[in-house]
Amino acid sequence: MAESRNQAEHVVSHEEGWAVKAEGAEQPTKVYENKQDAIDRAKEIAQNKGTSAVIHTKEGKIQNQYNYSS
């Protein structure tokens, strides 16, 4: 089972584009104009942390998920 402190990175719609936001965090890690840039960064963080990257649609539904837990 994955450690609870290694929470997923989420890519969510943001007023300035697309935000990479750690699960449970109030503020985004970073906001990107381009969704693909946000996805790439979320996947990189998730790989480093051994957790997941969860990609959301503009409406907030889960579009895709990448799992990097061992």
Side-chain angles (χ1 to χ4, degrees):
M1 192 163 133
E3 295 178 12
S4 60
R5 66 178 178 218
N6 283 346
Q7 296 174 329
E9 297 297 316
H10 293 260
V11 174
V12 295
S13 181
H14 186 275
E15 61 190 21
E16 296 174 22
W18 292 91
V20 175
K21 190 172 174 186
E23 191 169 305
E26 290 188 27
Q27 297 295 324
T29 305
K30 185 158 184 189
V31 177
Y32 296 87
E33 287 183 26
N34 182 306
K35 185 176 184 179
Q36 188 59 53
D37 291 341
I39 291 170
D40 292 344
R41 182 62 181 140
K43 288 167 70 174
E44 181 182 6
I45 295 169
Q47 280 182 306
N48 290 338
K49 287 172 46 177
T51 184
S52 300
V54 182
I55 316 306
H56 295 266
T57 65
K58 207 166 193 98
E59 294 75 31
K61 294 182 181 176
I62 293 176
Q63 173 183 334
N64 209 339
Q65 186 166 345
Y66 302 90
N67 189 355
Y68 300 103
S69 61
S70 50

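Only this structure's heavy atoms are used, side chains among them; waters, hydrogens and symmetry mates stay out. Keep in mind that what you see is a predicted model, and the values were worked out from it rather than measured.
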Spacing of Asn67 atom CG and Thr51 atom OG1 [to the nearest 0.5 Å]:
7.5 Å

The reported gap from OG in Ser52 to NE2 in His10 (rounded to nearest 0.5 angstrom) is 8.5 Å

Heavy-atom pair of closest approach, residues Val54 and Ala8:
CG2-CB, 4.1 Å

How far apart are the C-alpha atoms of Tyr68 and Lys43, what are their side-chain angles, what is the distance that settles it, and do they pass the side-chain contact (heavy atoms from CB on, under 4.5 Å) test?
CA-CA 9 Å; Tyr68 300 103; Lys43 288 167 70 174; 3.3 Å; yes

Answer with yes or no whether the hydrophobic clustering places Ile45 together with Val12; edges join I, L, V, M, F, W, Y residues whose side-chain heavy atoms lie under 4.5 Å apart.
no

Do Val31 and Ile55 share a hydrophobic cluster (ILVMFWY, side-chain heavy atoms under 4.5 Å, transitive)?
no

Are Tyr32 and Glu16 close enough that some pair of their side-chain heavy atoms sits under 4.5 Å apart?
no

Is there a donor-acceptor contact under 3.5 Å linking the side chains of Lys35 and Gln63?
yes

Can you confirm whether more than 12 heavy atoms, excluding those of Gln36, are under 6.0 Å from its CD atom?
yes

Determine the minimum heavy-atom distance between Trp18 and Asn34, stating which atoms define it.
CD1-C, 4.1 Å

Looking only at heavy atoms, what is the nearest atom pair of Val11 and Ala42, with distance?
CG2-CB, 3.5 Å

Is the side chain of Lys61 donor-acceptor paired with the backbone N or O of His56 at a distance under 3.5 Å, no angle test?
no

Just wondering, more than 12 heavy atoms not from Lys30 lying within 6.0 Å of its NZ?
no

Nearest-0.5 Å distance that lies between atom CD in Glu23 and atom NZ in Lys21
11.0 Å

Smallest heavy-atom separation, Glu9 atom then Ala46 atom, equals CG-N, 4.2 Å

